Amino acid sequence: MTVRRPILALLLALALSAAALPAAASAKLKPCPSSGSGCTLARVAAETGIFVGTAISNQATATEKADITANFNAVTSENAFKWSEMSKTAGATDFTTTDRLVAWARAKKLRLRAHTLFWHRIQNAPWLKAELAASPNPSARLRQLIAERTAKVVGRYRGKVAIWDVINEPLALFGAGYDTEDSSVTPKNIFYTTLGESYIADAFGLAHKADPKAKLFLNELLWDSRIGDPKSDALLALVARLKKARVPIDGVGIQAHAMLGTSSPWFPSSTPSLKRYIDALGKLGVKVEITELDVRLPLLADQPNPLAAQAAVYRRVASACAQARACSGLTVWGQRDSYSWLDSYSLTSATAPNSPLLLDAGGKRKLAYQAVAAGLLERRR
Ligand code: 9MR
């Protein structure tokens, strides 16, 4: 008896405090309607098991942070982990921004995707080319640098980063094969031309050693490619080769910037083809995430209701993710329209505001927000 009384008292106290909960808090316990109406994407994530994320910039303001915690359950570092950001000069590694970001994501219980360990285009280490040119043995030197960066950075955040984008965009921008195009827009893929495809397997193996529990992804851009075209086939073939060679790759990220034209894979009605593509990757034994979704509004300017048309594109992608078993996450590339990278990017700045995201400039949910919720909620059926 003497033991039971405190338990009874505790139960009574709990019942009283539950009764005193505000209406909104108890309403929260109701499942989301399948329309997604009134539900945050974080709630949708909890109900479907699909992570819903957003990019976080290096200098995220209090407003951006509040938007993130109110709406999402996962974040991807937009720039912080890139080699160019962490190492301005040879031999130097600056962890200030990444330490801060890792700590913040952990404090807010947001799943963190570290993007990216190796990317040759635009945000590679600014000193790498000269370093290799000066080396008597460039391939050995590059292998050493890859090993050093991986051990140092992945090792530092062991157990704290859920997902690593180990390799970003190895394939040619618009076609099949590797990116070895040499122009000011797409400099040579220095990793590939120095080491061949082996750099990919090496980086995955080293990352796995540095953090055996982190999920390791290869992230690729399919922005101007239709599912079933040479580039998407090249990605499937690459993943198949890696799996066959027992490379520790856990997943593939499909960047989904619908930005250059209506030949993007997400137009005009892509749910079945995108689902089939995710299924095909899944059959190879990898998870798939939509990693960088945004949909430029000017592409839809000729539609009777561009915002509704934009929502429909988002819906098609979210539905495909929900319907394909291998799809474990969907990430949009930013929060408010006013912060999108597209407004300062050379190919898209002329049409600013591109308004490609889920929250408008004032932070209000756009039609696209609920469309993503509704699409993902198809997973519950
Ligand atoms: O959003 C990123 C932007 O802030 C950078 O200036 C830009 C540099 O290329 O990279 C953007 O993010 C890219 C991502 O890292 C990889 N996929 C394509 C994204 C858009 O270029």
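Bear in mind that the values here come from a model prediction, so they are computed numbers and not experimental data. Whatever order the structure lists them in is the order used to number ligands and atoms, beginning at 1.
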(request) Compute the shortest N/O to N/O distance between Lys82 and ligand 1 and return yes if it is under 3.5 Å, no if not. (result) yes
(message) Could you check whether any heavy atom of Tyr345 sits closer than 4.0 Å to an atom of ligand 1, since that is the contact criterion I want to use?
(response) no
(message) When you compare ligand 1 with Trp333, is there at least one nitrogen or oxygen pair between them that comes in under 3.5 angstrom?
(response) yes
(request) May I ask you to check whether Tyr157 and Trp164 place their ring centers less than 6.0 Å from one another? (result) no
(message) Within ligand 1, which atoms have a heavy atom of Asn168 less than 4.0 Å away?
(response) 16 (C)
(request) Check Asn219 against ligand 1 and report side chain, backbone, both or neither, counting heavy atoms closer than 4.0 Å. (result) neither
(message) Between Thr194 and Phe191 (side chain of the first, backbone of the second, donor and acceptor by atom type, cut-off under 3.5 Å), is there such a pair?
(response) no
(message) Looking at Asp279 and Lys275, is there a salt bridge between them, counting it only when a charged N and a carboxylate O are closer than 4.0 Å?
(response) yes
(message) Under 4.0 Å between a side-chain nitrogen and a carboxylate oxygen: does that hold for Asp202 and Arg143?
(response) no
(request) Show which atoms of ligand 1 fall inside a sub-4.0 Å distance from at least one heavy-atom site of Trp341. (result) 1 (O), 20 (C), 21 (O)
(request) Please could you name the atoms of ligand 1 that His115 approaches to less than 4.0 Å, counting only its heavy atoms? (result) 14 (C), 15 (O), 16 (C)
(message) Please check this pair: side chain of Thr348 against backbone of Leu342, looking for a donor-acceptor N/O pair closer than 3.5 Å.
(response) yes
(request) Scan Phe204, Tyr199, Tyr192, Trp83 and name whichever one has a ring pair (Phe, Tyr, Trp, His ring centres under 6.0 Å) with Phe118. (result) Trp83
(request) For the pair Asp165 and Arg113, find out whether any cationic side-chain nitrogen is under 4.0 Å from an anionic carboxylate oxygen. (result) yes
(request) With heavy atoms under 4.0 Å as the rule, classify the contact between Asn79 and ligand 1 as side chain, backbone, both or neither. (result) side chain
(message) As an exercise, identify every atom of ligand 1 less than 4.0 angstrom from a heavy atom of Trp119.
(response) 9 (O), 15 (O), 16 (C)
(request) Counting heavy atoms only, name the option from His257, Gln255, Glu78 that's nearest to atom 1 (O) of ligand 1. (result) Glu78
(request) Would you mind listing which atoms of ligand 1 come within a distance below 4.0 Å of any non-hydrogen atom of Glu169? (result) 16 (C), 17 (N), 18 (C)
(message) With a 4.5 Å cut-off on side-chain heavy-atom distances among I, L, V, M, F, W and Y, is there a chain of contacts connecting Trp104 to Phe72?
(response) yes
